[in-house]
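Contents: one structure, followed by commentary.
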Amino acid sequence: PIAVPLDIATHRFDAAAEEFRTVALLETKSQADTRKKAADLALDSLVLAKQDGRIEKIKQFMQKYNSPLEPYAQDIVEAADEYGLDYRLIPAISLQESNLCLKIPTDSHNCWGYGIYGNSVHRFSDYKEGIYTVTKTLATKYKNKGLVTPEQIMTMWTPSSNGSWAHSVNYFMEKLN
């Protein structure tokens, strides 16, 4: 082995330690930048949702019918955006199925007729859970099969309907325009 004077070895160690600290700082800064970008994107999405007026449209629609869903207007828009659905679909189905949650099974938070067959009732812990579950189901089990219009959705949602379900859902969606 080659002997290295102590002062040169110390200098090399100090340089290596400084380089390590710089890399560690850059990684931390990069992680912080990533977190900031994600937070900014979420904030931008929220601001955009508020600016485009959909949340206010839904709030006013819900207020008109004295619906308990009114405080969840933002959740309706965000869920629709997250799953790529028309934001008017969830309120329209709710109006058709339960008069916007005014006529639902006790303590079910189920405004959409979701999983309600005879005496069987699917219950949600709150309206927000119902909004996200129903929206996700429409996206993954309906939209992914090409069922996107009320007429198409009706074939699985309420197959015994003579078309009146789809007609009403379309009508209510138009009222939200």
Side-chain angles (χ1 to χ4, degrees), residues 35 38-39 41-177:
R35 280 192 300 276
L41 183 60
L43 183 60
D44 289 347
S45 176
L46 179 61
V47 168
L48 181 61
K50 286 183 178 180
Q51 287 175 342
D52 71 14
R54 297 178 297 166
I55 293 170
E56 190 56 35
K57 268 187 192 179
I58 290 176
K59 279 184 178 182
Q60 289 175 5
F61 187 75
M62 300 296 181
Q63 286 171 350
K64 178 179 177 183
Y65 293 96
N66 199 28
S67 171
L69 285 179
E70 186 267 329
Y72 300 91
Q74 182 173 329
D75 292 309
I76 290 168
V77 171
E78 288 177 357
D81 287 350
E82 180 177 339
Y83 292 106
L85 296 177
D86 186 324
Y87 78 99
R88 302 169 303 155
L89 186 59
I90 294 299
I93 291 174
S94 174
L95 185 53
Q96 170 60 24
E97 293 287 345
S98 68
N99 287 352
L100 287 171
C101 301
L102 296 177
K103 296 180 181 180
I104 62 173
T106 305
D107 297 324
S108 70
H109 299 100
N110 189 338
C111 310
W112 304 273
Y114 179 87
I116 297 178
Y117 307 100
N119 292 329
S120 175
V121 176
H122 184 95
R123 296 182 189 285
F124 300 109
S125 59
D126 56 30
Y127 292 121
K128 184 174 182 173
E129 179 191 9
I131 290 163
Y132 276 90
T133 300
V134 171
T135 305
K136 181 179 180 180
T137 299
L138 286 167
T140 59
K141 296 187 179 183
Y142 290 74
K143 180 181 171 191
N144 286 351
K145 292 180 181 178
L147 307 174
V148 292
T149 67
E151 292 80 10
Q152 295 164 335
I153 292 168
M154 179 184 69
T155 64
M156 278 181 59
W157 195 268
T158 178
S160 62
S161 176
N162 64 3
S164 61
W165 186 91
H167 177 79
S168 295
V169 170
N170 276 318
Y171 176 76
F172 300 140
M173 286 177 74
E174 273 303 309
K175 286 182 123 339
L176 275 163
N177 268 345

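The first residue in the sequence is number 1, and the count goes up from there. What you see is a predicted model; the values in this text were computed from it and never measured.
Among Tyr127, Tyr132, Phe124, the single residue meeting the ring-ring contact (aromatic ring centres under 6.0 Å, His included) criterion with His109 is Tyr127.
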Could you walk me through whether Trp157 and Leu147 pass the side chain to side chain contact (heavy atoms under 4.5 Å, CB included) test, one step at a time? CA-CA 10 Å; Trp157 195 268; Leu147 307 174; over 6 Å; no
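Listed by chain and residue number, nothing satisfies the side chain to side chain donor-acceptor pair (under 3.5 Å) test with Thr133 (two or more places apart in sequence, or in another chain). For Lys141, the side chain to side chain contact (heavy atoms under 4.5 Å, CB included) test picks out Thr137, with sequence neighbours left out. Residues passing the side chain to side chain contact (heavy atoms under 4.5 Å, CB included) test with Leu176 are Ile58, Phe61, Arg88, Pro91, sequence neighbours excluded. Every residue two or more places apart in sequence or in another chain was checked for a ring-ring contact (aromatic ring centres under 6.0 Å, His included) with Tyr171, and none qualifies. Annotation: salt bridge (charged side-chain N to carboxylate O under 4.0 Å, His left out) contacts of Lys57 (sequence neighbours excluded): none.
For Trp165 against Met154, the heavy-atom pair with the smallest separation is CE3-CB, 3.6 Å. Residue Asn66 comes nearest to Leu102 through the heavy atom pair O-CD2, 3.4 Å, listed as atom of the first residue, atom of the second, then distance. Lys143 and Gly84 make their closest contact through NZ-O, 2.8 Å (heavy atoms, listed as atom of the first residue, atom of the second, distance). Scanning both residues, Gln152 and Gly146, for their nearest heavy atoms gives OE1-O, 3.3 Å. Residue Pro68 comes nearest to Leu100 through the heavy atom pair CD-O, 3.5 Å, listed as atom of the first residue, atom of the second, then distance. Scanning both residues, Ala79 and Thr135, for their nearest heavy atoms gives O-CG2, 3.5 Å.
Side-chain N or O atoms of Arg123 include one that pairs as donor or acceptor with a backbone N or O of Thr106 at under 3.5 Å. A donor-acceptor pair is defined here as one N or O able to donate and one able to accept, closer than 3.5 Å; no such pair exists between the side chain of Ser94 and the backbone of Ile90.
There is no side-chain donor-acceptor pair under 3.5 Å between Asn110 and Glu97.
Identified under the disulfide (SG to SG under 2.5 Å) test for residues 142-177, with sequence neighbours left out: none.
Ile153 is not listed as a side-chain neighbour of Val169, based on a closest heavy-atom distance of 4.5 Å or more.
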